[in-house]
There are 2 protein chains.
Amino acid sequence: MSQIGYVPPTTVQRLPVYLRCLILAQSQRREVLNSAQIADMAGTNGAQVRKDLSYLGEYGVRGLGYDVDSLVAHLVRWLGLEKTRRAAIVGFGRLGSALRNYGGFQDRGISVVAVFDADPDKIGSKTGDVTIESTEHLSEAIARENVEIAMLTVPASVAEEVSAEVIAGGVKAILNFAPVHLEVPDGVVVRQADLAADLQILSFHLSEAERART
Amino acid sequence: MSQIGYVPPTTVQRLPVYLRCLILAQSQRREVLNSAQIADMAGTNGAQVRKDLSYLGEYGVRGLGYDVDSLVAHLVRWLGLEKTRRAAIVGFGRLGSALRNYGGFQDRGISVVAVFDADPDKIGSKTGDVTIESTEHLSEAIARENVEIAMLTVPASVAEEVSAEVIAGGVKAILNFAPVHLEVPDGVVVRQADLAADLQILSFHLSEAERART
DNA sequence: ATATGTGAACGTTTTCACAGCA
DNA sequence: TGCTGTGAAAACGTTCACATAT
């Protein structure tokens, strides 16, 4: 039924996880999985999996489960990964270069087509088949390369300014590793990847446990 | 009032953000902030900030706002960052070494006291004042160094096994960069840091916008 | 006058439980 | 029989609005 409309943010967050699990299942030659099996691999429960998938359409078969290949195809489509997404890395320090060499992207629908840094010593050198460019004419270069997603691994002090430039260049999605909140116009999505914050959340749970032990 | 008890997970997630904003305010010699000003820096709203902080206690002054220094002290205490937390990096590939050299931790209450890798060529070499150890006797080394938090930057195929070993060594908190769900016993907390998943979520929003343009 | 702290209202997400279908 | 898809219920999170304090 259900003409698809709204997909809740919490569901969107889980879709890449389901996709990953299904691709793993594919590699194990598993052809059909039920919601409980998917949930097991993903770390949720069957009801959640079924509700989540139901926001996208009716991809299961009652009494059987989900055909792995077909569900993978649907998820890839919903996540917009049919054509590879063009991404840029701004800030080629340690984290930036780690991202550049992280295999997990190429395999999963994202391709790094441009890399930028402010350091003149780095500019002009190559990383794979991509030449590191100056941040001087950032927005023009972003526009020229048709970059859709920018990963910002620049110092916090310049992140806001860099964000404005990539947006001026046409970027509509930003993965921000700098520990600052970015203010962006409507229609631009930001995801915050703050590793220190993650560790501090873990630390909170450690001290909670310590408090409980008293 | 309120004898403090439960702090909702969503609130816990925002506490490190507030702390970061307050430390920035300190460096700007701002002595008092109200909830709206904190919210502005953090990317939320005043009501949210007040509710969140109210789960921890009554740290504000009516008619005035929050004393920055004292609120920083309270947050540091709640996040368990008074004594520096001892962390280990397991897997010294590109991402692992990027984390090792990421300045953001030392400043924010977390110290990397041990680094592990399976590659014999890396074992024995130094990164700063830490010697890279073999993953051979991982759990013993984790126990010996009193590691509380483990960052896993190992291949997905071995993440579950490595996770079991660090837990055997006494680790109660894991930041997992491997794209697999880890099954852990009660009392152990895992945070998942899946960069490819973040990018795929951004890609979903891009295709949503494309769908809307039709 | 001003801004916190908080119940109550509202909105969202998860879980339940079962009708509907292979 | 077995498992999906989904309304309804329960749990959870956010926003409102105002009494309360300085």
Side-chain angles (χ1 to χ4, degrees), chain A residues 1-18 21-22 25 30-72 74-75 78 181 201 204, chain B residues 1-15 17-18 21-22 25 30-72 74-75 78 181 201 204 208:
Chain A
M1 256 258 87
S2 67
Q3 172 48 27
I4 45 76
Y6 174 74
V7 183
T10 45
T11 294
V12 175
Q13 286 214 343
R14 281 184 294 263
L15 297 181
V17 179
Y18 298 149
C21 297
L22 290 162
R30 314 246 251 138
E31 298 192 346
V32 177
L33 293 179
N34 65 37
S35 58
Q37 295 171 314
I38 298 173
D40 239 51
M41 303 175 84
T44 356
N45 60 74
Q48 183 80 82
V49 169
R50 294 199 301 277
K51 245 291 189 288
D52 283 341
L53 296 178
S54 80
Y55 288 114
L56 310 181
E58 302 197 9
Y59 300 139
V61 182
R62 289 164 202 241
L64 254 167
Y66 298 87
D67 179 82
V68 174
D69 287 348
S70 112
L71 189 47
V72 164
H74 284 299
L75 285 174
W78 276 98
H181 170 74
I201 292 167
F204 176 93
Chain B
M1 254 263 85
S2 65
Q3 173 47 28
I4 42 75
Y6 175 73
V7 182
T10 46
T11 294
V12 174
Q13 286 215 344
R14 283 184 293 265
L15 297 180
V17 180
Y18 297 150
C21 296
L22 290 162
R30 312 244 254 136
E31 297 192 346
V32 177
L33 294 178
N34 64 38
S35 58
Q37 295 171 313
I38 298 173
D40 239 52
M41 303 174 84
T44 357
N45 61 74
Q48 184 78 82
V49 170
R50 294 200 299 279
K51 244 295 187 281
D52 284 341
L53 296 179
S54 79
Y55 287 114
L56 310 182
E58 301 197 9
Y59 301 139
V61 181
R62 289 167 201 238
L64 253 166
Y66 298 87
D67 179 80
V68 174
D69 287 348
S70 111
L71 189 48
V72 165
H74 283 300
L75 286 175
W78 274 98
H181 169 75
I201 292 167
F204 177 93
E208 200 172 41

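Owing to the predicted nature of the structure, the values given are computational and were not obtained by experimental measurement. Chain letters run A, B, ... following the sequence lines, proteins first and then strands; every chain starts at 1.
Contact of the A/Val12 side chain with the A/Tyr55 side chain is not registered, since no non-hydrogen atoms from C-beta on lie closer than 4.5 Å. Here the side chains of B/Val32 and B/Val61 are not in contact, with every heavy-atom distance at 4.5 Å or above. A 4.5 Å side-chain heavy-atom check between A/Leu71 and A/Tyr18 finds every atom pair outside the cut-off. Residues A/His74 and A/Ser70 have side chains in contact (heavy-atom distance under 4.5 Å, counting atoms from C-beta outward).
Consecutive pairing runs in DNA chain D reach the stem threshold at C:1-22 with D:1-22, where a stem means at least three Watson-Crick or G-U wobble pairs with distances under 3.5 Å.
Taking 4.0 angstrom as the limit, A/Tyr6 places none of its side-chain polar atoms (N or O) nearer than this to OP1 or OP2 of C/dG11. Residue B/Arg50 has no polar side-chain atom (N or O) positioned under 4.0 Å from OP1 or OP2 of D/dC18. An OP1 or OP2 oxygen of D/dC12 is reached within less than 4.0 angstrom by no side-chain nitrogen or oxygen of B/Thr10. Side-chain N/O atoms of A/Thr11 include none lying less than 4.0 angstrom from OP1 or OP2 on C/dT13. Contact check, B/Asn45 against D/dT15: a side-chain N or O comes under 4.0 Å of OP1 or OP2. For B/Gln48 and D/dG13, the shortest distance from a side-chain N or O to OP1 or OP2 is not below 4.0 Å. When the side-chain nitrogen and oxygen atoms of A/Tyr59 are compared with OP1 and OP2 of D/dC3, none of them lie within a distance under 4.0 Å.
For the pair A/Leu64 CG and C/dC21 C1', the interatomic distance rounds to 11 Å; values are reported in whole Å. Atom OH in A/Tyr55 sits about 11 Å away from atom P in D/dG7, given to the nearest Å. Separating the CG atom of A/Asp67 from the P atom of D/dT4 is a distance of 13 Å, rounded to the nearest angstrom. Distance CG (A/Asp52) to C1' (D/dT4): 14 Å, rounded to an integer number of Å. Between the CG atom of B/Leu56 and the C1' atom of C/dT6 there is a distance of 15 Å, given to the nearest Å. Spacing between atom NZ of A/Lys51 and atom C1' of D/dC3 amounts to 15 Å, rounded to whole angstrom units. Rounded to whole angstrom, the span from the CD atom of A/Gln13 across to the P atom of C/dT13 amounts to 10 Å. To the nearest angstrom, P of C/dC21 lies 10 Å from CD of A/Glu58.
In the region residues 32-44 of chain B, proximity to DNA chain C at under 4.0 angstrom, judged on heavy atoms, holds for B/Asn34, B/Ser35.
Contacts classified as side-chain hydrogen bond (donor to acceptor under 3.5 Å, both in side chains) and involving residues 31-41 of chain B (residues at least two apart or in different chains) are given here: B/Ser35-B/Arg50.
Residues that satisfy the side-chain hydrogen bond (donor to acceptor under 3.5 Å, both in side chains) test with B/Asp69, not counting sequence neighbours, are B/Gln26. With sequence neighbours left out, the ring-ring contact (aromatic ring centres under 6.0 Å, His included) criterion links B/His181 to no other residue. Judged as a side-chain hydrogen bond (donor to acceptor under 3.5 Å, both in side chains), and not counting sequence neighbours, the contacts of A/Thr11 are A/Asp52.
For B/Arg62 against C/dT4, a side-chain N or O and a base N or O form a donor-acceptor pair under 3.5 Å.
Residue-to-nucleotide proximity on DNA chain C shows that, of A/Arg14 and B/Gly63, the 5′-proximal contact is made by B/Gly63.
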